[in-house]
Amino acid sequence: MAVGVGLLVVVLSIFNGFQKQVKESLWQGGPHITIENSYGSGAIYDYEKVIAHLKSDPKLAESFVSVEGNITSHGLIQSNNNFNPIMIRAVPVDSIEKLVENGLPNFPRILQYDRDEIQSMNTKKLVVVGKEMSAIYGYGLGREITMAVPGGRFTVERGVQVNVQTFRLVGLFKTGYYNYDSKFVFLSLPQAQEFFKMKGAVNQVAIKVRSLDDLKVTKQRILSRLNEENWNQKIQDETSWSVRTIAEEQENFLAALRLEKTIISIIVFLFIVLAALGMVATVHSLIRAKRRSIGTLKALGLASNDILLIFTLNAMIVGILSSLVGGMTGIFIATKLEVIINIISEIINGIGGLLNPGDWDPVELVPKDIYYFDHIPVDIDISFIFMVTTAATILSGLAGYFPARMAANLNPVDTIRND
């Protein structure tokens with residue numbers, strides 16, 4: 001029972017940590033709510049008025065961290081003689097100091113940058129790419145990068161027109177989410193408006209909110225606000241609003257995380273159920289060994305309910321002690337997990353180096369390049385641990401109840417005579 005509880009605490013703490021880390025990476029990587037125009041070319045020309053109209057609602061204004069226009073589009077980036085698909089995102093860079101200090105809400109955390117060149121982010125053709133993209137294509141700071149994006153309208157005679165420009169790489173960012181860090185290129189909004197030929201316009205209004213638990217409510221309030229009658233007839237005639245949240249964009253991924261956690265929880269919880277079944281056998285064996293004593297006590301007047309209570313409480317006490325020991329052990333292992341894994345890795349590598357000194361490749365039990373985390377994320381949920389220990393105690397009581405009921409129904413005369 002103690003092993004099952006401890007194992008469940010460790011496994012779920014790791015899964016909670018991974019989920020929390022992945023969600024934080026997602027939330028930091030892009031806007032939480034995106035407003036787009038499904039009408040015509042998709043451009044939003046009076047986006048400042050749209051932002052002002054949204055902020056005029058006190059409840060919406062209170063829930064927003066930031067609201068700003070940006071440009072997000074598919075594009076191509078040149079690598080050797082090939083053009084590879086990427087995502088280009090342009091956001092306002094109001095302050096270079098905030099940019100390098102990671103103070104812009106819609107700009108990812110910059111790891112490296114050219115201090116002199118990045119000062120001209122708004123006036124020169126400069127870009128910041130993800131750390132993983134720089135590793136994939138071999139880009140370094142100062143590298144000239146050629147990108148292509150669709151420009152103008154599609155026509156039967158000319159097809160799709162393409163704009164091609166060269167930018168200089170001045171920074172590397174990292175969100176912790178591989179898809180962002182390997183596919184996104186960031187640049188300032190004025191340069192993107194020129195690149196995409198969208199002077200004075202954007203194709204998105206990006207919103208970051210204070211509470212991710214209220215995304216659905218905030219989305220509905222935004223839609224209601226945008227669809228109010230006659231708040232700006234010119235804007236309303238040129239737009240067909242589409243609002244989506246990051247939870248909707250990543251719905252399948254987040255559902256897969258929840259399903260994975262549920263399945264693992266069920267599998268590990270079966271260890272506790274198995275331990276409870278083992279306790280049934282243990283209490284049953286104890287009753288068989290004490291049949292004579294039970295018969296004597298019943299002959300002396302001990303009530304059947306008292307015998308039932310004795311053996312049931314015995315099993316529950318064992319369950320409580322096992323839950324406490326397992327829970328405390330699980331918490332300790334979870335908090336020290338990275339240290340424990342590093343020690344095991346060193347032992348394996350030490351033994352491997354001694355047995356095969358020339359050809360031994362060092363073993364890393366949790367490769368950081370695969371899991372994309374700087375450390376093993378662990379999130380210990382005390383409420384969940386309380387729920388697990390309570391469930392283990394209840395299962396222990398049930399495990400002791402049925403054999404104890406058999407002991408309570410023993411006939412004292414037959415028991416003393418036969419034993």
Residue N227 excluded, over 12 heavy atoms near CG under 6.0 Å: yes

Should the heavy atoms of other residues, nucleotides or ligands under 6.0 Å from CZ of R405 be counted, would the total exceed 12? no

Check for a donor-acceptor pair, side chain of D181 on one end and backbone N or O of T175 on the other, with a separation under 3.5 Å. yes

Might you confirm whether atom OH of Y45 has over 12 heavy atoms from other residues, nucleotides or ligands at distances under 6.0 Å? no

Nearest atoms (heavy-atom pairs only) where V10 meets G330: CG2-O, 3.5 Å

Taking the side chain as C-beta and beyond, is there a heavy-atom pair between I118 and I96 under 4.5 Å? yes

Any non-hydrogen side-chain atom of L337 less than 4.5 Å from a side-chain atom of I14? yes

Using a 4.5 Å cut-off on heavy atoms from C-beta on, say whether the side chain of N84 contacts that of L76. no

If only atom types and distance count, is the side chain of H53 paired as donor or acceptor with the main-chain N or O of R225 below 3.5 Å? yes

Which value, rounded to the nearest 0.5 Å, describes the distance between S120 atom OG and D114 atom CG? 10.0 Å

side-chain contact (heavy atoms from CB on, under 4.5 Å), that's the test. Do L172 and L141 meet it? Break it down for me. CA-CA 8 Å; L172 303 177; L141 296 181; 4.2 Å; yes

About how many Å separate NZ of K49 and CG of L54, when rounded to the nearest 0.5 Å? 14.5 Å

As a quick check of understanding, evaluate side-chain contact (heavy atoms from CB on, under 4.5 Å) for I33 and T218, giving each step before the final call. CA-CA 9 Å; I33 300 176; T218 306; 3.7 Å; yes

Any donor-acceptor pair under 3.5 Å linking the side-chain atoms of E68 with those of S66? no

Value rounded to 0.5 Å, distance of NE2 in H32 from CG in L215: 7.5 Å

Output yes when a side-chain donor or acceptor of S134 lies under 3.5 Å from a complementary backbone atom of K131, and no otherwise. yes

Hey, does the side chain of N16 reach the backbone of L12 with a donor-acceptor pair shorter than 3.5 angstrom? yes

Is the shortest heavy-atom distance from the side chain of P403 to the side chain of V280 under 4.5 Å? yes

Smallest separation among heavy atoms of F107 and I110, with atom names: CE2-CD1, 4.0 Å

Exam field: side chain N37 to backbone A43, donor-acceptor pair closer than 3.5 Å: yes

Could you grab the distance from atom OG of S73 to atom CD1 of I71, nearest 0.5 Å is fine? 9.0 Å

Flag, side chain of R168 to backbone of G142, donor-acceptor distance under 3.5 Å: yes

Between L169 and G140, what is the shortest heavy-atom contact and its length? CD2-O, 3.3 Å

Side chains of Q204 and T72: do they bring a donor and an acceptor to under 3.5 Å? yes

Let's go through V149 and H74 carefully: what are the C-alpha distance in whole Å and the side-chain angles of both, what is the deciding distance for side-chain contact (heavy atoms from CB on, under 4.5 Å) to 0.1 Å, and is it a yes or a no? CA-CA 7 Å; V149 297; H74 293 276; over 6 Å; no

side-chain contact (heavy atoms from CB on, under 4.5 Å) between F386 and I382: does it pass, once the steps are laid out? CA-CA 6 Å; F386 176 77; I382 298 299; 5.5 Å; no

Give every residue pair that meets the salt bridge (Lys or Arg N to Asp or Glu O under 4.0 Å) criterion with at least one member in residues 182-196, sequence neighbours excluded. K125-E194

Taking the side chain from R210 and the backbone from E62, do they hold a donor-acceptor pair closer than 3.5 Å? yes

Under the rule for side chain to side chain donor-acceptor pair (under 3.5 Å), what residues qualify as partners of D57, not counting sequence neighbours? R221

More than 12 non-hydrogen atoms from neighbouring residues, nucleotides or ligands closer than 6.0 Å to CD on E251, yes or no? no

Heavy-atom donor-acceptor pair, S79 side chain to N82 backbone, under 3.5 Å: no

Hey, does S38 have a side-chain heavy atom less than 4.5 Å from the side chain of W241? no

For a quick test of reading the model, state the closest non-hydrogen atom pair linking S188 to V93 and the distance between them. CB-CG2, 4.1 Å

Check ring pair (Phe, Tyr, Trp, His ring centres under 6.0 Å) between F167 and all other residues, then give those that pass, not counting sequence neighbours. F195

Is the closest side-chain heavy-atom distance between V164 and T146 below 4.5 Å? yes

Sorted by chain and number, sequence neighbours left out, salt bridge (charged side-chain N to carboxylate O under 4.0 Å, His left out) with E248 holds for K219

Across all chains, not counting sequence neighbours, the ring pair (Phe, Tyr, Trp, His ring centres under 6.0 Å) partners of Y137 are Y139

CD (Q193) and CG (L189) are apart, to the nearest 0.5 Å, by 4.0 Å

Does any part of the side chain of I44, heavy atoms only, come nearer than 4.5 Å to the side chain of N203, both counted from C-beta? no

Heavy atoms of A90 and N70 approach each other most closely as O-CB, 2.8 Å

Taking Q191 for its side chain and N122 for its backbone only, find out whether a donor-acceptor pair lies under 3.5 Å. yes

Is there side-chain contact between Q78 and I145, with heavy atoms separated by less than 4.5 Å? no

Rounded to the nearest 0.5 Å, the CD1 atom of I341 sits from the CD1 atom of I333 at a distance of 11.0 Å

Return the minimal non-hydrogen interatomic distance between V162 and A148, and the atom names on each side. CG1-CB, 3.8 Å

Does M328, at its CE atom, have more than 12 non-hydrogen atoms belonging to other residues, nucleotides or ligands within less than 6.0 Å? no

Identify, with sequence neighbours excluded, every residue that meets side chain to side chain donor-acceptor pair (under 3.5 Å) alongside Y113. R115

